[in-house]
Amino acid sequence: MTAVNFKKIEEKWQKKWEDKKVFQAKANPKKKKFYVLEMFPYPSAYGLHMGHAFNYTIGDIFARYKRMKGFNVMYPMGYDALGLPAENAAIKAKIHPEDYTKKSIKNFIKQHKSIGLSYDWERMIVTSDPEYYKWDQWIFLQMFKKGLAYQKKSSVNWCPKCQTVLANEQVYNGKCWRHENTNVEIKPLKQWFFKITKYANELYNDIEKLKKWPEDIKAMQRHWIGKSHGVEIDFKIKEKTWPIFTTRPDTIYGVTFMVISAQHPDLMDIVTEKHKKNVEKFLKKIHSVSEKQKEELEKEGVFTGSYAENPVTGDRIPVYAGNFVVADYGCGMVMAVPAHDQRDFEFAKKYNIPIKVVIQPEMYELNAERMSRAYTGDGNLVNSKEFNATWNRDAIDEIAEYLEKRKIGRRVIQFKLRDWLISRQRYWGTPIPIIHCEKCGAVPVPEKELPIKLPKDIKFGKGNPLETSKSFANVKCPKCKGPAKRETDTMDTFVNSSWYFLRYTDPKNSKKIFDSKKANYWCPVDLYIGGREHACMHLIYFRFYTKFLRDQGLLKFSEPAIKLFNQGMLHGPDKRKMSKSWGNVILPETVSKKYGMDTARLFLISLASLDKDIEWSDKGIQGSKKLINRIIDFYSEFNPSKTSPRLESKINKTILEVSESIENFKYNISAIKIRELFEAIEDEKNLSKKHAEIFLKLLHPFCPHITEELWEKLGNKKFITIQNWPEADTKKINEKFEQQDKIFENTISDIAEISKIIKDKKKKEPKKVFIYAIPKDLEIFNEEKLSKKTGKKVKVFAVNDKKKYDPENKAKKAKPGRPAIYLE
RNA sequence: GCUAGGGUACCCAAGCGGUCAAAGGGGCAGGACUUAAGAUCCUGUGGCUUAGUGCCUUCCGGGGUUCGAAUCCUCGCCCUAGCACCA
């Protein structure tokens, strides 16, 4: 066996691809485009590991396949370079974030190239480049003009470790998304927001159009956006009208109390003098409980002293402040119907508030005194005046109608989605292009002054570093020219990644964010690959941006990606997620040296379905390694000859199977089909040059380097990667051969079986095999092949051969498709 | 609790109404090669039976639909991920 220097071959072809710019994409309206994109990485000093390689290989295989299929493929890569981890790492290493980032990116590029990915490097973008984030600022200004970027004071999530605020999407169970042990604090601060809620309805409804997105991601987004239909009912409290949102207007007659969120900004307006102390005591108490206890927290509240008037019944009902009401959903107050809502029920029981049944189930009768839990099922209304005996589901509509007619309520749609908090009090982000002037207020920076670059004269330490830069903060007001202060908040890094896919289509444009023609040619992204963890962050934000830029007249489409693919996660040999912190990281460099990158690529995709989590194992990769070595051996001794019709049938069938499995992202099946074909080739030995080339083409997307190398060895001058994908000649596919293969394999099993029996009985291993086949089947049984597979000397006779050796007269047992066998 | 997805032979994993005792890989066993080991190659790998075309029991468990189920329905149990007091 020849020793192969994989690393050398890999570097050779990586360099050639790059030198000849084979993967450079050019917009060409006459050609059908295909845009493959992987979520770009956040460059860190740790570099890439095989988990990343797996992710990128998925896209690369598809890009190479589509390119060979004749599509105009764009497959770019870039770096999401701004953000907190880089800043923190830089501070720790005592270098500037920019230097840290540059160094990391350099390493990432090197590693990306070493995996053999067919990126168009001319299109690379780096979000920390002012020429990139300039357009982030430009988008901000457009949003500002439309009232979609605005400032407001509100209770925001503050991570004490990050020293900055977080978006709702970045808070998991009350913890920071980057610090799972750090409780997020609630602080009232003036912050910048993007009004993503303006698009809530469209974002929700269009999920339906994402036919090629995974169901779970869509479900998560639906849940996150949280659309619900309901009614706002006007309750009067202390002369003020409070529109209370409910999805259950059918229970309006059963309201016995109200609960306002303890976090509500206007809570104190409702609290009466007499109850002030009590309420304050309560607030103090709920603030002092730790997050952990909050999870199991009982519903608690305190009477505010005020009463609300039920607009339908005119009842005077007490208003409580409670710990279980969300402050910024609806209007932060709920109407409570203890008989038919479990939370309200628990609360009412605890504070001895009356329970009024307004829905009676059909099978039995509820008694308010004896209920042990709320009845949340359906039934007919009772105690509801003119609506009595109405089926509650019908009553929802009827009562809504009734409220609307009397102008004391209206049908509305509520969303859980909140506006996107984009302010960050950190350095390594896009500066917000706003100047604060005492006279003119928040004034946008004129577009021609963009980009507002990050200053260098800053100090890291406590608080926002941008505030330490004199050159940055003190400016003139663009409107009145008076002294003013520049906004020192930077934008969330998710801003940068919300539109990067568009910039790839025209990455060097200095006049415009991108040329719409180009963007509309290449986009939407045909295949977008990345992790599930972005379901409710990036994947919502970039849909939002797409819709906004469409409304700005820049785009003609409404959804950024046609197909979304979530790859599984690669685990280390210890079955844990591959990551630096577990110390189970496998590096591409090591793998390339040890097995060759092609081997690793093949191994990763053949382990399981691409969307499943997989495990790296040095044992497991042996299977791929053996195959690759055999292929290389075969080609190094290859002499073209004529391909048998049997093999030709198999080749053509495999073309269909491999193509189909690639299209369906079943690369594991592709790998098996390729393996099976190669084994057939090895068995037959005779192969024409044309077919030898077809095999390499089928293998190429998976193993790009060695296929280029072997392709060249066959005497080809042009790259295999720009060849046409083989077309199957279906006329050559003959199922007869497959049946024959089956017969052949059965025969081998039979020989082994009989051999075993003889060995058991006679304690002697038979060495010779005689096969008696009916003449029609004769072509199936190749003596040489049989001998090799059985490890015995095999002789084949036709049953009607007069001179055959058949001492026990077995030949007569032969049937079509099943030869007779004699062993000795 | 809700939502999405799973539970397949020693392990990983494909299959998703008949061609299924169930692809492929790993492991293990036997054989070939070799002085031997390793590497490589071939074969086997649910059970029973027999000089081979046979039978039995399997695809988390129970029930069902069907001429026929690993595959469809239903009820459980278990796992994985995400969300979680949204009125």
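The sequence lines fix the lettering, A, B, ..., with proteins before strands; numbering per chain opens at 1.
Annotation: of the two residues near RNA chain B, A:E682 and A:R418, the 5′-most nearest-nucleotide partner is A:E682. Each of A:M335 and A:P819 was matched to the nucleotide of RNA chain B holding its nearest heavy atom; the match closer to the 5' end belongs to A:P819.
Nucleotides B:G17 and B:C73 have their P atoms positioned 11 Å apart, rounded to a whole Å. The C1' atoms of B:U8 and B:A13 are separated by 9 Å, rounded to the nearest whole Å. As rounded to the nearest Å, B:C16 and B:C59 have C1' atoms that lie 12 Å from one another. Remark: the separation of the C1' atoms in B:U34 and B:A39 is 11 Å, to the nearest Å. B:G25 and B:C33 are spaced 25 Å apart, taking the C1' atom of each and rounding to whole Å. A distance of about 26 Å separates the P atoms of B:G68 and B:G76, rounded to the whole Å. One C1' atom belongs to B:G26, the other to B:G44, and the distance between them is 16 Å to the nearest Å. Nucleotides B:U58 and B:G64 are separated by 15 Å at their P atoms, to the nearest Å.
Distance, A:E784 CD to B:C41 P: 18 Å, rounded to whole Å. Distance CD (A:E745) to C1' (B:U53): 16 Å, rounded to an integer number of Å. Regarding A:Q263, its CD atom lies at a distance of 12 Å from the C1' atom of B:C85, rounded to whole Å. Here B:U3 presents its C1' atom at 14 Å from CZ of A:R532, a figure rounded to the nearest Å. Atom NZ in A:K685 sits roughly 14 Å away from atom P in B:C41 (whole-Å rounding). Note: CG (A:L604) to P (B:G24) measures 21 Å, nearest angstrom. To the nearest angstrom, P of B:C83 lies 12 Å from CG of A:D216. If you take CE of A:M569 and C1' of B:U80, they are 11 Å apart, rounded to a whole angstrom.
The shortest distance between the side-chain N/O atoms of A:K792 and the OP1/OP2 oxygens of B:U43 is not below 4.0 Å. One finds a side-chain N or O of A:R630 lying less than 4.0 angstrom from the OP1 or OP2 phosphate oxygen of B:C41. Residue A:S606 places none of its side-chain N or O atoms closer than 4.0 Å to OP1 or OP2 of B:G24. For A:Y329, a side-chain nitrogen or oxygen approaches OP1 or OP2 of B:A87 to under 4.0 Å. Here A:K789 reaches the OP1 or OP2 of B:U43: one of its side-chain N or O atoms lies under 4.0 Å away. Taking only side-chain nitrogens and oxygens, A:S755 never comes nearer than 4.0 Å to OP1 or OP2 of B:A51.
Taking 4.0 Å as the cut-off between side-chain N and carboxylate O, A:K812 and A:D806 do not count as a salt-bridged pair. Salt-bridge annotation for A:R818 and A:D750: present, with a side-chain N of the basic residue lying under 4.0 Å from a carboxylate O of the acidic one.
Summarising the base pairing, B:C48 is matched to B:G54 through a Watson-Crick or G-U wobble pair whose two defining distances lie under 3.5 Å. B:U40: Watson-Crick or G-U partner is B:A32, with both key distances under 3.5 Å. Nucleotide B:A21 forms a pair with no other nucleotide shown, judged by Watson-Crick or G-U wobble geometry with both contacts under 3.5 Å. Base pairing of B:G82 is made with B:C2, judged by Watson-Crick or G-U wobble geometry with both donor-acceptor distances under 3.5 Å. Pair check for B:A13 finds none; no Watson-Crick or G-U wobble contact set falls under 3.5 Å.
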B/S/- along nucleotides 25-37 of chain B (protein heavy atoms under 4.0 Å) is SSS----------
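Contact annotation for A:K612: backbone-only contact, meaning every heavy-atom pair under 4.0 Å involves sugar-phosphate atoms and none involves a base. Counting non-hydrogen atoms under 4.0 angstrom, A:Y822 reaches a base of the nucleic acid. Using a 4.0 Å heavy-atom cutoff across all strands shown, A:K416 reaches at least one base atom of the nucleic acid. A:A820 comes within 4.0 angstrom of a nucleotide base, judged by non-hydrogen atoms across all strands. Using a 4.0 Å heavy-atom cutoff across all strands shown, A:K815 reaches at least one base atom of the nucleic acid. Residue-level contact check: A:D750 touches the bases, meaning some heavy atom is under 4.0 Å from a base atom. Contact annotation for A:Q342: no contact, since no heavy-atom pair falls under 4.0 Å across all strands. A:L823 comes within 4.0 angstrom of a nucleotide base, judged by non-hydrogen atoms across all strands. Nucleic acid contact class of A:V325 (heavy atoms, under 4.0 Å, all strands): base. Contact annotation for A:D344: no contact, since no heavy-atom pair falls under 4.0 Å across all strands.
Checking side-chain atoms of A:Y253 against main-chain N and O of A:V358 turns up no donor-acceptor pair under 3.5 Å. Not one N or O on the side chain of A:D611 forms a donor-acceptor pair closer than 3.5 Å with the backbone of A:G568. With hydrogens and angles disregarded, no donor-acceptor distance shorter than 3.5 Å links the side chain of A:D315 to the backbone of A:I317. A:T599 contributes no side-chain N or O that, together with a main-chain N or O of A:K625, makes up a donor-acceptor pair within less than 3.5 Å.
The side chain of A:V326 has B:C86 as its nearest neighbour among B:C83, B:C86, B:U43. Counting only heavy atoms from C-beta on, A:I754 has its side chain closest to B:A51 among B:C86, B:A51, B:A87. Closest contact between the side chain of A:F245 and the listed nucleotides B:A13, B:A87, B:A4 involves B:A87. You'll find that the side chain of A:E215 is closest to B:A4, out of B:C85, B:A4, B:A51.
For A:K299 against B:C85, a side-chain-to-base donor-acceptor contact under 3.5 Å is present.
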Please report the C-alpha distance between A:W582 and A:H571 in whole Å, then the side-chain angles of each, then the deciding distance to 0.1 Å, and finally whether the ring-ring contact (aromatic ring centres under 6.0 Å, His included) criterion is met. CA-CA 10 Å; A:W582 288 117; A:H571 294 240; over 10 Å; no
Report the C-alpha distance between A:F347 and A:Y320 in whole Å, list the side-chain angles of each, state the deciding distance to 0.1 Å, and finish with yes or no for ring-ring contact (aromatic ring centres under 6.0 Å, His included). CA-CA 10 Å; A:F347 194 91; A:Y320 286 73; 5.4 Å; yes
Apply salt bridge (charged side-chain N to carboxylate O under 4.0 Å, His left out) to the pair A:E679 and A:R630, showing each step before the final yes or no. CA-CA 10 Å; A:E679 278 167 4; A:R630 274 158 63 187; 3.6 Å; yes
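In this structure, a donor-acceptor pair under 3.5 Å is present between the side chains of A:S755 and A:K792.
Ring-centre distance between A:Y772 and A:Y822: not below the 6.0 Å cut-off.
You'll find the side chain of A:V259 stays beyond 4.5 Å of the side chain of A:R343, heavy atoms only.
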